[in-house]
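The next block holds one structure in the form of structure tokens; read it before the comments.
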Amino acid sequence: MPEVMEERSRRIIETAIELAEKGGFEAVRLRDVAADAEVALGTLYRRFRSKEELLVAALGFEVKNLEQRFSVQPPGSSTELERVMGFFDWVVRGLLRRQNLARALFKAVSSGDPELAQKIAEYHSHIEQMLVMALRGEVVRNGTGSLIDPMPDSREGQIAETLNQIWYGLLLGWAGGVHGQSSLLEKMRLSAQLVLRGSALAR
């Protein structure tokens, strides 16, 4: 039974992603998700109590896919700045290649629902772990090949947290139409330069 329910949850999430990709946040109606995923509406509500919770789960699905791809091919440039920007260029292209979906995910994340805060914090933690690995130029995996916590030192942790917060703010600006994707990456490069330079001076 757990395997069946897990398969149902995956089908529900994948269906929500498809609907969001076609029509954005407003297109993800739970009744439509249930119908397209071929599950009872009650089954969906037992797994996800709201559209926002379902889309936050979809974000987790996307982050997991990013981790799997990062594990196979991390940024390989020679400097910290180029490795970090290689990471951001890669992850931004990955997340924003489906713009309707990306805006739907960011709208759900920005809902302010306190019950979703822990999940969102976990996804931020995964991004920061990949950032630490990009800073080092090496990937830390377990025996099955999955990424694990690289155990950053204080400098790495502070840099990763700061860059993640800046990146997240810029993504929300993109979602709100404040700037485009190329401008986002330009602003991210300038921010990364300042953060890394400040970190070097503080040593």
Side-chain angles (χ1 to χ4, degrees), residues 1-18 20-21 37 47-48 53-98 101-102 104-106 108-109 116-168 170-171 181 184-185 188-189 192 195-196 199:
M1 180 64 77
E3 289 79 8
V4 172
M5 292 304 295
E6 184 57 33
E7 190 275 332
R8 287 179 183 172
S9 293
R10 186 180 301 109
R11 194 160 74 243
I12 290 168
I13 292 169
E14 289 174 345
T15 300
I17 289 172
E18 290 173 5
E21 187 176 352
R47 310 294 282 183
F48 308 102
E53 183 173 0
L54 176 53
L55 285 170
V56 167
L59 176 59
F61 200 81
E62 292 295 296
V63 169
K64 186 67 175 177
N65 287 338
L66 287 172
E67 283 187 315
Q68 290 173 346
R69 295 201 295 274
F70 180 87
S71 176
V72 173
Q73 192 172 13
S77 301
S78 59
T79 68
E80 283 187 333
L81 176 62
E82 293 308 318
R83 288 195 299 272
V84 164
M85 285 312 302
F87 170 79
F88 281 119
D89 180 69
W90 170 76
V91 77
V92 164
R93 283 188 287 107
L95 284 176
L96 304 192
R97 71 188 187 281
R98 295 174 290 177
L101 171 62
L105 296 180
F106 298 143
V109 167
L116 299 178
Q118 182 59 43
K119 279 289 184 186
I120 295 167
E122 289 176 12
Y123 302 150
H124 279 294
S125 177
H126 287 291
I127 294 296
E128 288 171 18
Q129 288 174 8
M130 286 188 281
L131 266 171
V132 169
M133 295 181 205
L135 281 168
R136 293 180 182 176
E138 63 179 12
V139 171
V140 183
R141 306 181 185 89
N142 61 19
T144 65
S146 298
L147 298 182
I148 59 175
D149 189 345
M151 303 300 290
D153 60 31
S154 60
R155 173 183 177 270
E156 292 170 333
Q158 289 167 0
I159 291 173
E161 182 179 9
T162 301
L163 291 179
N164 184 43
Q165 290 171 350
I166 294 168
W167 174 72
Y168 180 63
L170 288 171
L171 282 175
Q181 183 172 330
L184 184 160
L185 287 169
M188 194 65 238
R189 173 174 284 275
V195 170
L196 291 171
S199 172

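Values in this document were obtained by computation on a predicted structure and should not be read as measured data. When reading the values below, keep in mind they use all heavy atoms of this one structure, side chains included, and skip hydrogens, waters and symmetry mates.
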Once you round to the nearest 0.5 Å, how far does [atom1] of [X] lie from [atom2] of [Y]?
X	Y	atom1	atom2	result
Phe87	Trp167	CZ	CH2	6.5 Å
Glu18	Thr15	CD	OG1	5.5 Å
Met85	Glu80	CE	CD	14.0 Å
Asn164	Glu161	CG	CD	8.0 Å
Ser125	Ile120	OG	CD1	14.0 Å
Ile17	Arg98	CD1	CZ	6.5 Å

With distance as the sole test, does [X] use its side chain to make a donor-acceptor pair with the main-chain N or O of [Y] at under 3.5 Å?
X	Y	value
Thr162	Gln158	yes
Glu82	Thr79	no
Arg136	Leu131	no

Can a donor-acceptor pair be found between the side chains of Ser146 and Arg141 at a distance below 3.5 Å?
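Arg141 and Ser146 do not have a side-chain donor-acceptor pair below 3.5 Å.
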Would you kindly say whether Ser9 and Arg47 are connected by a side-chain donor-acceptor distance under 3.5 Å?
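Yes.
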Shortest non-hydrogen separation from [X] to [Y] and the atoms involved:
X	Y	result
Met133	Ile148	CE-O, 3.2 Å
Ser71	Gly145	OG-O, 3.2 Å
Gly94	Arg69	CA-NH2, 4.3 Å
Arg83	Leu135	NH2-O, 2.5 Å
Val56	Leu116	CG2-CD1, 3.8 Å

Can you list the steps and then say if Gln129 with Leu147 is a side chain to side chain contact (heavy atoms under 4.5 Å, CB included)?
CA-CA 9 Å; Gln129 288 174 8; Leu147 298 182; 5.7 Å; no
Heavy atoms, side chains only, cut-off 4.5 Å: are [X] and [Y] in contact?
X	Y	value
Phe61	Glu14	yes
Leu184	Phe88	no
Ile13	Phe48	yes
Leu171	Leu96	yes

Apply side chain to side chain contact (heavy atoms under 4.5 Å, CB included) to the pair Glu67 and His126, showing each step before the final yes or no.
CA-CA 8 Å; Glu67 283 187 315; His126 287 291; 2.9 Å; yes
Run Ile159 and Val132 through side chain to side chain contact (heavy atoms under 4.5 Å, CB included) and show every step you take.
CA-CA 8 Å; Ile159 291 173; Val132 169; over 6 Å; no
Would you call the rings of Phe70 and Trp90 parallel, tilted or perpendicular, where under 30° means parallel and over 60° means perpendicular?
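The rings of Phe70 and Trp90 sit tilted, inter-plane angle from 30° to 60°.
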Could you walk me through whether Ile166 and Val195 satisfy the side chain to side chain contact (heavy atoms under 4.5 Å, CB included) test, starting with their C-alpha distance in whole Å, then the side-chain angles of each, then the deciding distance to 0.1 Å, before giving a yes or no?
CA-CA 10 Å; Ile166 294 168; Val195 170; 4.1 Å; yes
Ion pair present between Arg11 and Glu7, side-chain N to carboxylate O less than 4.0 angstrom?
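Yes, charged N to carboxylate O under 4.0 Å.
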